[in-house]
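A short worksheet on the structure shown next.
Below, read A as the first sequence line, B as the second, and so on, with proteins coming before strands; counting in each chain starts at 1. None of these values were measured; they are calculated from a predicted model.
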Amino acid sequence: KNEVEQSPQNLTAQEGEFITINCSYSVGISALHWLQQHPGGGIVSLFMLSSGKKKHGRLIATINIQEKHSSLHITASHPRDSAVYICAVMAFGNEKLTFGTGTRLTIIP
Amino acid sequence: GAGVSQSPSNKVTEKGKDVELRCDPISGHTALYWYRQSLGQGLEFLIYFQGNSAPDKSGLPSDRFSAERTGGSVSTLTIQRTQQEDSAVYLCASSFVAGVTYEQYFGPGTRLTVT
């Protein structure tokens, strides 16, 4: 079992829909990252969080440390949101990231 | 300002040859990370450097892989006697300091193809 599990693996939605991507992990962590990777493009860090909730524009990330679970939400989704979204965790006492396998999101106009 | 840069952007090499991949981190960032993304696979950690401390090499898949960081800035990842399974995108990231509170900034990656 991977230390970091994401669901769904693939998600297709209509423009304007509310999107939720989930991440569960099995180790104690000091921080969780949400990353975005566009096709053929580099990786951009969206959020880094260790508790609670963060919001940036139409993106919201939440984390529940007790349940070892995080969600990434996109409101009013747009085709330009189409990308792979990757969850990564930094375990306690460890400076390196362990990654989920990613969620491929496609927003149809 | 300038982000993390990597070179070359693409590298095709024959099995058995050695390759060197270069990473230029953001100026002032003391932590530098190397990751690998194989086709259809997720990202995996290879090695990270923090300042002058000994690097964490725990993710290197074999002794054919090595990395160095000169002068606390530029880093080179070397793969000796390349194998087809080494084909992947190699990503470099840097952060102000290694640790919880600092975001990692990723370079565009080097796509390595071993024929």
Is any side-chain heavy atom of B:Leu43 closer than 4.5 Å to one of A:Ile43? yes
Kindly say whether the aromatic ring centers of B:Tyr35 and A:Phe99 come within a distance under 6.0 Å. yes
Separation between CZ of B:Phe45 and CE of A:Met90, rounded to the nearest 0.5 Å: 10.0 Å
Applying a strict under-4.5 Å side-chain criterion to I, L, V, M, F, W and Y, I'd like to know whether B:Val4 and A:Leu46 cluster together. no
If you group Ile, Leu, Val, Met, Phe, Trp and Tyr by side-chain heavy-atom gaps below 4.5 Å, do A:Ile60 and A:Tyr85 land in one group? no
Verify same cluster id: A:Val84, A:Leu97 (apolar side-chain graph, 4.5 Å): yes
Does B:Glu85 CD have over 12 foreign heavy atoms under 6.0 Å away? yes
Would a 4.5 Å heavy-atom cut-off, applied to side chains only, mark B:Gln37 and A:Gln37 as touching? yes
Identify which part of A:Ile86 has an atom lying under 4.5 Å from any heavy atom of chain B, answering side chain, backbone, both or neither. side chain
Cluster link B:Val89 to B:Val12, ILVMFWY, side chain under 4.5 Å: no
Pick from B:Leu46, B:Ile47, B:Asp56: which one makes a side chain to side chain contact (heavy atoms under 4.5 Å, CB included) with A:Lys96? B:Asp56
Using non-hydrogen atoms and a 4.5 Å limit, figure out which bit of A:Leu35 sits close to chain B: side chain, backbone, both or neither. side chain
Over all atoms of both residues, closest heavy-atom pair of B:Gln104 and A:Ser45: O-CB, 3.8 Å
Region of B:Tyr105 in contact with chain A, defined by heavy-atom distances below 4.5 Å: neither
Is there a continuous path of hydrophobic side-chain contacts, each under 4.5 Å between heavy atoms, that joins A:Ile107 to A:Leu59? yes
